Amino acid sequence: MNIPVAIFLYRRPTHVRELTDRLQLVRPAKVWLVADGPKDTTEKNLCEQARQAAEAGISWPCQIVRLYSDTNLGLKKRIETGLDQVFELEEAAVILEEDCHPTPDFFPFCAEMLARYRDEPKVAGISGNCFLPLNAEIKTDYFFSRYLHIWGWATWARAWNSYDRKKWAWPAGGFRELFPESERREQKYWNRIFARMATGRLSTWDYGFISWIWMNGQVAITPAQNFVRNAGFGPDATNTRDESAEAGIEREERLQPPFRGSADIRADGELDRLVFQNHLLRQEGRLSFWPRIRRSILKRISA
C-alpha cells in the first residue's frame, strides 16, 4: 500500500503489537511512528515497550519516520503536533491510534476514497467506523455525514493544514443552523460538549477539528460497514474508559470495490440521527433507564 500510515503510540504495547499484526496484511510503504512521552517514571517502561513493539512489528521493507517525544505532551497536543509534521510532507495519510485495530478492508476503502475525493473541498475526511444500528437501511456503500469518527480515519493535507486551532468555533447561539428544531437533542448535546471545551473541563483534539469542519460546511465519509475495532476501552485509557460504550457496529456482509455512494455531497441527516442515538448518546452514558438495565443484564449473562 502506497498511502502513508501514521500510528500514534503511548503506553500499551499489547495493543501496538495487535495493530502492527493488522498492518502486516497490507504492508504500507511508509509508516510514521508518533509517540508521546511518559507522564512519570512509572510510565517510562511502558512507553518504551510500546515503541519497541511498533518497531519490531514492522518487519516488512518500508520507510519508517520516528517522531518520539521525551516528555509527555498529552493526547491533544501530541496528535495535533504529530499531524502537523505528517502533513508537512504527505499529501494524504491513514491515521490510527495504538488501540484502533482495522480490518483488511479498511485500507482499500480509504485508498479509493482518498483518490476519489482528493480535490473535493467539501469532503474533509474518511471515517473507518460505522455506528449505525444493524437494522438501519442504507442502500449505498458509504454515506456523507456531519460526524468524522476518528477511531481509524484518513484525510488530506489540504483538510488538516487549513484547520486553525486558535479559531475552532462554537457559535454564540449554538449550532442551531446545523441542527434544526427536529434535532434539538443533538443540538443540546453538542452545546454541552463545547461548553466544557470552552471552560477547559474537556481537553481533546478532535472536537475542535470537527467544529471547524462544520463551520466550513464540510462533511466526512462513513462506510456502511465498520472497519475498525477500538480495543482501548478500560481504566488505562485516556478518554474511552467506559467499557460498556459501543466499540463499533459490525455487519456480516463485506463491502466490495468499486464503492457506491451518493453523488450529492451533503450530510445525510436521517442516518446521522441514527448514529447519534446509537453511538454518541451511549458514549456519554445517557441511555434511557431500560436500555441501560438491559445492557447490564446481557453483560452479566455473557460474563
Side-chain angles (χ1 to χ4, degrees), residues 1-35 49-67 79 82-83 86-87 89-118 125-132 141-142 148-156 220-233 237 240 246-261:
M1 190 182 74
N2 293 324
I3 299 169
V5 175
I7 302 175
F8 285 80
L9 314 171
Y10 184 27
R11 60 178 185 183
R12 291 182 282 184
T14 300
H15 289 331
V16 173
R17 281 189 285 270
E18 186 171 348
L19 175 55
T20 55
D21 285 347
R22 304 293 179 94
L23 291 180
Q24 281 272 6
L25 301 175
V26 294
R27 299 192 170 202
K30 187 174 185 179
V31 178
W32 290 72
L33 298 179
V34 187
Q49 289 172 27
R51 299 175 188 189
Q52 292 173 355
E55 300 206 15
I58 302 173
S59 58
W60 61 94
C62 72
Q63 180 182 357
I64 300 176
V65 181
R66 299 167 180 83
L67 301 178
I79 290 186
L83 291 178
V86 168
F87 288 117
L89 298 178
E90 310 296 352
E91 178 186 356
V94 171
I95 301 131
L96 292 158
E97 295 180 49
E98 62 186 23
D99 55 5
C100 297
H101 300 155
T103 67
D105 295 336
F106 169 70
F107 297 99
F109 180 77
C110 286
E112 184 164 329
M113 295 298 103
L114 286 170
R116 187 178 299 182
Y117 295 99
R118 179 181 60 188
I126 299 113
S127 297
N129 299 112
C130 177
F131 293 120
L132 288 171
D141 294 326
Y142 63 92
L148 174 62
H149 306 293
I150 46 81
W151 293 350
W153 61 295
T155 192
W156 304 265
I221 293 169
T222 297
Q225 161 75 53
N226 193 55
F227 289 135
V228 183
R229 190 77 178 178
N230 190 324
F233 288 94
T240 51
E246 282 295 299
I249 302 302
E250 298 176 353
R251 298 170 183 269
E252 292 183 2
E253 68 272 18
R254 293 180 61 185
L255 299 184
Q256 300 288 344
F259 304 103
R260 299 171 296 108

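The structure presented is a predicted model; accordingly, all values stated were derived computationally and were not measured.
The nearest pair of heavy atoms linking P13 to A53 is O-CB, 3.9 Å. When all heavy atoms are compared, the tightest approach of G152 to L96 is CA-CD2, 3.6 Å. Smallest separation of non-hydrogen atoms from S127 and P223: O-CD, 3.2 Å. Between M1 and V5, the shortest heavy-atom distance links the atoms CE-CG2, 3.4 Å. Across A50 and L9, no two heavy atoms sit closer than the pair O-CD1, 4.3 Å. T20 approaches G57 most closely through the heavy-atom pair OG1-CA, 3.6 Å.
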Exercise for the section: Take L255 and F227 through the side chain to side chain contact (heavy atoms under 4.5 Å, CB included) test and state the conclusion after the steps. Expected result: CA-CA 10 Å; L255 299 184; F227 289 135; 3.9 Å; yes
Practice task
Could you go through the side chain to side chain contact (heavy atoms under 4.5 Å, CB included) check for F8 and L83 one step at a time?
Solution key: CA-CA 10 Å; F8 285 80; L83 291 178; 3.9 Å; yes
Problem - Evaluation steps, side chain to side chain contact (heavy atoms under 4.5 Å, CB included), between I3 and F107 - result: CA-CA 9 Å; I3 299 169; F107 297 99; over 6 Å; no
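In this structure, the side chain of N129 engages the main chain of V228 through a donor-acceptor pair within 3.5 Å. At least one donor-acceptor pair closer than 3.5 Å links the side chain of R116 to the backbone N or O of F259.
In this structure, CD in Q49 is found 8.5 Å from OG1 in T14, a value given to the nearest 0.5 Å. Between atom CD of residue E112 and atom OH of residue Y142 there is a gap of 7.5 Å, rounded to the nearest 0.5 Å. For the atom pair CG of D99 and CG of N230, the computed distance is 4.5 Å after rounding to the nearest 0.5 Å. For the atom pair CD of E97 and CH2 of W153, the computed distance is 9.5 Å after rounding to the nearest 0.5 Å. Between the CD1 atom in I126 and the CD1 atom in I95 there is a gap of 9.0 Å [rounded to 0.5 Å]. Considering CH2 of W32 and CD of Q63, their distance stands at 8.0 Å, rounded to 0.5 Å.
E18 and R22 are joined by a salt bridge, as a carboxylate oxygen and a charged side-chain nitrogen come within less than 4.0 angstrom of each other.
Side-chain contact check for T155 versus F87: some heavy-atom pair is nearer than 4.5 Å. R51 places none of its side-chain heavy atoms less than 4.5 Å from the side chain of R66. The shortest side-chain heavy-atom distance between C130 and Q225 does not fall under the 4.5 Å cut-off. At a threshold of 4.5 Å between non-hydrogen side-chain atoms, the residues S59 and Q24 count as touching. Using a 4.5 Å cut-off on side-chain heavy atoms (C-beta onward), L23 and W60 make contact. V86 places none of its side-chain heavy atoms less than 4.5 Å from the side chain of P4.
When V65, L67, I7 are each tested for a side-chain contact (heavy atoms from CB on, under 4.5 Å) with L33, only one passes: I7. For the side-chain hydrogen bond (donor to acceptor under 3.5 Å, both in side chains) with E98, the qualifying choice from R17, R12, R11, H15 is R12, the only one to do so.
The aromatic rings of H149 and F131 stand perpendicular to each other, their planes meeting at an angle above 60°, with 30° marking the opposite boundary.
For the side chain to side chain contact (heavy atoms under 4.5 Å, CB included) test, residues two or more places apart in sequence or in another chain that qualify with R118 are E91, W156.
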